[in-house]
There are 2 protein chains.
Amino acid sequence: MTQIDRKAIPVPALRRMPAYCNYLKSLTLKGVVYISTTAVANDLNLIPIQVRKDFEYTGLSGRPKIGYNLEMLIEAVEYILGWNKMSNAVIAGVGNLGKALLSYQGFKNYGLDIIAGIDEDKKKQGKEVAGRKIFSPDQIGALVKENKIGIGIITVPVESAQAMADLFVKAGVKALWNFAPVMLIVPADVVVQNENLASSLAVLSQRIKQQKEK
Amino acid sequence: MTQIDRKAIPVPALRRMPAYCNYLKSLTLKGVVYISTTAVANDLNLIPIQVRKDFEYTGLSGRPKIGYNLEMLIEAVEYILGWNKMSNAVIAGVGNLGKALLSYQGFKNYGLDIIAGIDEDKKKQGKEVAGRKIFSPDQIGALVKENKIGIGIITVPVESAQAMADLFVKAGVKALWNFAPVMLIVPADVVVQNENLASSLAVLSQRIKQQKEK
DNA sequence: TAGATTGTTAATCGATTAACAATC
DNA sequence: TAGATTGTTAATCGATTAACAATC
């Protein structure tokens with residue numbers, strides 16, 4: 001099971017992997033067997049050399065003039081992305097965003113199964129959203145143990161985000177996906193991935209400004 | 001009104017700006033007047049030199065031993081982020097995610113006002129979500145003209161994303177914020193900002209893997 | 001074979017980090 | 001003054017892009 005460790009993939013390359021994966025899968029439906037980096041680049045609006053570099057990280061090699069074996073390539077990319085095995089998650093904060101994430105069916109394809117929700121609101125507790133039951137924050141510990149929860153998703157308001165992170169950490173969760181616009185303080189062995197719409201919006205605004213200047 | 005153009009801020013620095021802005025604003029409540037980059041770095045888990053570099057982009061200068069004037073700094077950062085002036089947006093696709101974004105109150109602080117929704121579903125048309133009316137896709141043109149819509153937000157399913165983008169483009173919208181996991185094809189003068197949860201999840205999974213190896 | 005495509009090494013580019021004199 | 005903090009120039013690091021021989 002212990003696979004030889006290829007060197008870690010740079011984050012920018014990693015971020016492009018899902019797009020490759022979806023694209024490559026769409027090709028299987030068309031009966032494609034070999035695919036060249038030139039073709040991929042062309043269809044995804046990238047340059048061939050970047051695709052070539054990115055595919056290097058799969059550890060596979062392609063055949064000159066022919067390209068890569070599509071099936072193996074997809075498998076390798078899925079392995080890199082971890083889409084081949086499921087992680088269980090719990091989402092804390094079943095407001096609008098929480099509901100949206102709970103209801104989103106696509107995560108299952110991305111190796112993520114959000115198995116339950118958590119909310120302080122007693123009216124929500126015991127009810128279901130998209131077939132997932134909502135629990136009280138007190139129950140995090142039990143939930144985590146019983147369901148091998150690896151990821152805690154935080155969609156509570158800013159004010160409660162740190163407290164919720166603390167609860168997750170106390171329950172033994174080592175990875176947090178944080179949608180609240182705060183820097184969470186956690187022990188060194190806990191990974192926090194911040195999702196920040198404000199940042200993206202900032203990038204968009206700047207690009208709009210620059211576009212207008214042309 | 002045409003301000004002298006400071007050189008464009010690198011994207012990574014820009015992405016850090018919202019965090020600075022929120023943090024700095026929280027300081028005003030405490031009556032802080034001058035703030036040093038050392039203190040900011042300390043509170044935001046960054047290194048002082050990075051903060052110093054980032055603050056350089058504001059065009060302001062700080063006073064050795066004292067720091068930066070908080071009020072001016074906030075103003076400068078808000079200017080960079082464009083949070084000082086509103087852009088109107090319309091959101092296409094009032095499913096779970098669409099509803100979540102429509103209902104999120106925070107965007108107003110980020111200079112974004114989502115003034116209406118668009119959905120193919122006739123049952124949704126004419127109704128309201130979070131006080132915003134839902135229209136039919138046919139009405140995009142009129143909506144855009146009447147409300148000076150600068151940004152089209154796409155939260156429709158993958159299959160309809162390109163078609164919706166085309167409608168926005170046809171209506172004259174020059175900026176799209178795309179939450180559908182596809183590469184949209186648009187004219188060169190249209191800016192597309194892709195929001196990709198799959199990418200973030202990929203980064204999170206890799207970091208979890210690496211953490212476990214330690 | 002000819003020519004497209006790969007694999008690999010080197011060059012470029014840009015962001016981060018370091019170093020240190022200037023300043024309050 | 002002494003020492004913290006700034007502003008600025010240089011060094012480092014890593015990703016992207018270029019170049020080109022190897023290969024099918």
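None of these values were measured; they are calculated from a predicted model. Proteins get letters first, then strands, A, B, ... in listed order; numbering begins at 1 in each.
Summarising the geometry, the separation between CZ on Phe55(A) and P on dT8(C) is reported as 16 Å, rounded to the nearest angstrom. With rounding to whole Å, Tyr57(B) atom OH is found 14 Å from dG7(D) atom P. The interatomic distance linking Asn45(A) (CG) with dT16(D) (P) rounds to 16 Å, in whole Å. Rounded to an integer number of Å, the gap from Asn69(A) CG to dT6(C) P is 13 Å.
Side chain to side chain, Ser200(A) and Arg15(B) meet the donor-acceptor criterion of an N or O pair below 3.5 Å. Looking at Asp54(A) and Gln50(A), their side chains never bring a donor and an acceptor atom within 3.5 Å of each other.
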Under the criterion ring pair (Phe, Tyr, Trp, His ring centres under 6.0 Å), I'd like the reasoning laid out for Tyr68(A) against Tyr34(A): C-alpha separation, chi angles, the key distance, then a yes or no.
CA-CA 5 Å; Tyr68(A) 287 75; Tyr34(A) 284 93; 9.5 Å; no

Evaluation steps, ring pair (Phe, Tyr, Trp, His ring centres under 6.0 Å), between Tyr20(A) and Tyr23(A):
CA-CA 5 Å; Tyr20(A) 291 134; Tyr23(A) 166 75; 8.2 Å; no

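Looking at every heavy atom in both residues, Val203(A) comes nearest to Val11(B) through CG2-CG1, 4.0 Å.
Nearest-nucleotide mapping onto DNA chain D: of Gly67(B) and Val11(A), the residue sitting toward the 5' end is Gly67(B).
Using a 4.0 Å cut-off between charged side-chain N and carboxylate O, Lys25(A) and Glu78(A) make a salt bridge.
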How is the base pairing of DNA chain C summarised as a dot-bracket string, given the Watson-Crick and G-U wobble criteria with both distances under 3.5 Å, [ ] for crossing and | for another strand?
..||||||||||||||||||||||

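Taking Asp113(B) as the reference, Arg132(B) meet the salt bridge (Lys or Arg N to Asp or Glu O under 4.0 Å) condition, with sequence neighbours excluded. Residues satisfying the salt bridge (Lys or Arg N to Asp or Glu O under 4.0 Å) criterion with Lys99(B), sequence neighbours excluded, are absent altogether. Phe135(B) is linked by a ring-ring contact (aromatic ring centres under 6.0 Å, His included) to nothing, counting only residues two or more places apart in sequence or in another chain.
For the segment residues 31-40 of chain A, residues with any heavy atom less than 4.0 angstrom from an atom of DNA chain C are, sorted by number, Ser36(A), Thr37(A), Thr38(A).
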Sugar-phosphate means primed atoms, P, OP1 and OP2; the rest is base. With that split, encode nucleotides 17-24 of chain D 5' to 3' as B, S or - using protein heavy atoms under 4.0 Å.
BBBB--BB

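Aromatic ring pairs are classed by plane angle as parallel below 30°, tilted from 30° to 60° and perpendicular above 60°; the pair Phe179(B) and Trp177(B) is tilted.
Using modelled atom types, no side-chain atom of Asn42(A) and backbone atom of Thr38(A) make a donor-acceptor pair closer than 3.5 Å.
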